[in-house]
Asks: 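Before we start, here is the structure in question, set down as structure tokens.
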Number of protein chains: 2
Amino acid sequence: MKIGELSRATGTKIETIRYYERIGLLPAPARTAANYRSYGGAHRARLAFVRHSRELGFTIEEIRSLLDLSDHPDRDCGEADRIASLHLEQVEGKIAQLTLLHDELSRIVGRCRGGLAGDCRVIEALGDHAQCRGTH
Amino acid sequence: MKIGELSRATGTKIETIRYYERIGLLPAPARTAANYRSYGGAHRARLAFVRHSRELGFTIEEIRSLLDLSDHPDRDCGEADRIASLHLEQVEGKIAQLTLLHDELSRIVGRCRGGLAGDCRVIEALGDHAQCRGTH
DNA sequence: CTTGACCCTGTAGTGGCTATAGGGTGCATA
DNA sequence: TATGCACCCTATAGCCACTACAGGGTCAAG
């Protein structure tokens with residue numbers, strides 16, 4: 001498989017694949033006579049793992065650890081669970097924060113009744129945190 | 001007010017204040033004989049506006065437009081409302097996306113029962129998007 | 001034999017800061 | 001008077017996870 005095919009097969013941009021190789025997330029594949037990268041099924045599975053983990057919001061370093069575990073089936077699984085649980089907590093925190101933010105924002109947006117910027121409640125509210133109800 | 005005082009007064013790091021000046025969000029203040037920046041109430045209010053807007057998730061460019069409106073009280077307020085509404089939509093989108101992600105993650109995390117990485121359901125699920133229920 | 005799709009390397013840019021290096025200033029204390 | 005210390009200055013590089021060039025090579029079809 002050439003890089004373009006791998007790209008289409010996994011929905012990953014070519015530059016991103018090369019980037020993952022450069023930072024050591026994917027192993028350097030064999031090369032054809034024309035110096036083109038040549039991938040097999042294992043590469044594809046590994047890239048799918050990386051993409052799926054990225055879609056789920058894991059950082060590159062977390063993925064590095066997860067791949068390392070995946071490469072050593074004799075190790076304890078607890079580490080993978082620890083990484084994923086920690087990440088889940090962070091996602092929950094982020095949702096909570098965004099929800100607070102959403103509430104303030106919709107209160108602010110709801111105040112606009114048209115008119116001139118000088119009388120604008122939206123601009124006024126942005127300059128004055130004291131008008132907020134929650135803590136964001 | 002010296003930069004350190006403005007920093008403490010607004011909860012903004014000194015480097016960040018200088019950064020905002022460099023990119024043109026804050027006007028360059030007067031300087032003392034020792035070339036120290038010297039701020040007044042207007043600077044402080046403007047920085048508060050910027051910080052509050054950043055806390056609410058507006059980008060620097062959005063804030064630039066909002067400040068521009070705030071500087072021209074004779075303009076129409078609709079633009080401010082448009083920026084804020086658009087941003088609110090983006091926040092809603094982000095929350096929805098994070099919620100999907102949260103659901104998949106918690107399903108994945110719940111599967112771990114200890115043991116070896118080779119049998120790990122967490123690692124398996126990360127490699128196989130087909131195990132997911134929703135679209136993230 | 002040229003066109004166009006594909007591939008290569010290397011480097012710079014994105015946003016929004018944050019950190020560091022290498023210096024100057026101002027005031028209190030020994 | 002010297003010295004320490006907190007504060008200030010500029011300029012530049014680093015962070016994350018890509019993304020976008022520039023400038024070139026390869027290969028099959030028409």
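In what follows, every chain begins at residue 1, and chains take the letters A, B, ... in the order their sequences are listed.
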Asks: Whole angstrom is fine here: how far is it from CD in B:E61 over to P in C:dG15?
Replies: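 My rounded result for the distance is 7 Å.
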Asks: Within the pair A:R18 and C:dC8, is there a side-chain N or O less than 4.0 Å away from OP1 or OP2?
Replies: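 True: A:R18 side-chain N/O within range (under 4.0 Å) of C:dC8 OP1/OP2.
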Asks: Can you check the B:L25 CG to C:dG15 P distance for me, whole Å?
Replies: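 My rounded result for the distance is 12 Å.
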Asks: Just the rounded figure in Å: distance from P of C:dG10 to CD of A:E21.
Replies: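 Rounding to the nearest Å, CD of A:E21 and P of C:dG10 are 11 Å apart.
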Asks: Regarding A:R64, tell me which of base, sugar-phosphate or nothing describes its non-hydrogen contacts under 4.0 Å with the strands shown.
Replies: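 Nothing: the residue A:R64, judged by heavy atoms under 4.0 Å, touches no strand.
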Asks: What are the 5'-most and 3'-most nucleotides of DNA chain D lying under 4.0 Å from any heavy atom of chain B?
Replies: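 So the contact region on DNA chain D extends D:dC7 to D:dT10.
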Asks: Between B:I14 and A:T59, which has a closest nucleotide on DNA chain D that is more 5'?
Replies: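 The answer here is B:I14.
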Asks: How many whole angstroms separate atom OH of B:Y36 from atom C1' of C:dG26?
Replies: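 From B:Y36 OH to C:dG26 C1': 6 Å.
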Asks: Closer than 3.5 angstrom, by distance alone: can the side chain of A:H87 be matched with the main-chain N or O of A:L56 as a donor-acceptor pair?
Replies: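 Yes, the answer is positive, given that a donor and an acceptor are paired below the 3.5 Å cut-off.
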Asks: Just the rounded figure in Å: distance from C1' of C:dC17 to CG of B:L47.
Replies: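 Computing the B:L47:CG to C:dC17:C1' distance gives 14 Å.
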Asks: Starting at the 5' end of DNA chain C, which residue's closest nucleotide do you reach first, B:K2 or A:A34?
Replies: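 Taking each residue's closest nucleotide, the earlier one in sequence belongs to A:A34.
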Asks: Between B:S7 (side chain) and B:I3 (backbone), is there a donor-acceptor pair under 3.5 Å?
Replies: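 A pair under 3.5 Å: no.
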Asks: Assess whether one donor atom and one acceptor atom, taken from the side chain of B:Y20 and the base of C:dG16, lie less than 3.5 Å apart.
Replies: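 When only heavy-atom distances are counted, B:Y20 does not reach the base of C:dG16 through any donor-acceptor pair under 3.5 Å.
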Asks: At 4.0 Å (heavy atoms only), tell me whether B:I23 reaches a base, stays on the sugar-phosphate, or touches nothing.
Replies: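 Result for B:I23 = nothing.
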Asks: What pair of heavy atoms forms the shortest contact from B:V122 to B:I108, and how long is it?
Replies: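 Minimum heavy-atom contact is CG2-O, 3.7 Å.
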Asks: Please report how far the helix from C:dC1-D:dG30 to C:dA30-D:dT1 bends, comparing the axis fitted to its first five pairs with the axis fitted to its last five, to the nearest 10 degrees.
Replies: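 The helix from C:dC1-D:dG30 to C:dA30-D:dT1 shows an end-to-end axis angle of 30°.
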Asks: Using only atom types and a distance under 3.5 Å, with no angle test, would you say the side chain of A:H52 pairs donor to acceptor with the backbone of B:A125?
Replies: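 Checking the backbone N and O of B:A125 against the side chain of A:H52, a donor-acceptor pair under 3.5 Å is found.
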Asks: I'd like to know if the side chain of A:E5 reaches the main chain of A:K2, judged simply by a donor and an acceptor atom lying under 3.5 Å from each other, with no hydrogens or angles considered.
Replies: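 Such a contact is found between A:E5 side chain and A:K2 backbone.
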Asks: Roughly how many Å is it from OH in A:Y39 to C1' in C:dC6, rounded to a whole number?
Replies: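 Interatomic distance, OH of A:Y39 to C1' of C:dC6: 14 Å.
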Asks: Taking atom P of C:dT18 as reference, at what distance in whole Å does atom CD1 of B:I17 sit?
Replies: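 Rounding to the nearest Å, CD1 of B:I17 and P of C:dT18 are 12 Å apart.
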Asks: For the side chain of A:R18 and the backbone of A:R22, is there at least one donor-acceptor N/O pair under 3.5 Å apart?
Replies: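 It does not hold such a pair.
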Asks: Counting C-beta onward and ignoring hydrogens, is there a side-chain heavy-atom pair between A:E92 and B:S106 closer than 4.5 Å?
Replies: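 No; the side chains remain at least 4.5 Å from each other.
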Asks: Please report the distance, rounded to the nearest Å, between CG in B:N35 and C1' in C:dG26.
Replies: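 B:N35 atom CG is separated from C:dG26 atom C1' by 14 Å.
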Asks: B:Q131 pairs by side chain to side chain donor-acceptor pair (under 3.5 Å) with which of B:R111, B:R121, B:E104?
Replies: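 Passing option: B:R111.
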Asks: Taking only residues two or more places apart in sequence or in another chain, which ones pass side chain to side chain contact (heavy atoms under 4.5 Å, CB included) with A:S70?
Replies: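 Only B:I123 meet the side chain to side chain contact (heavy atoms under 4.5 Å, CB included) criterion with A:S70.
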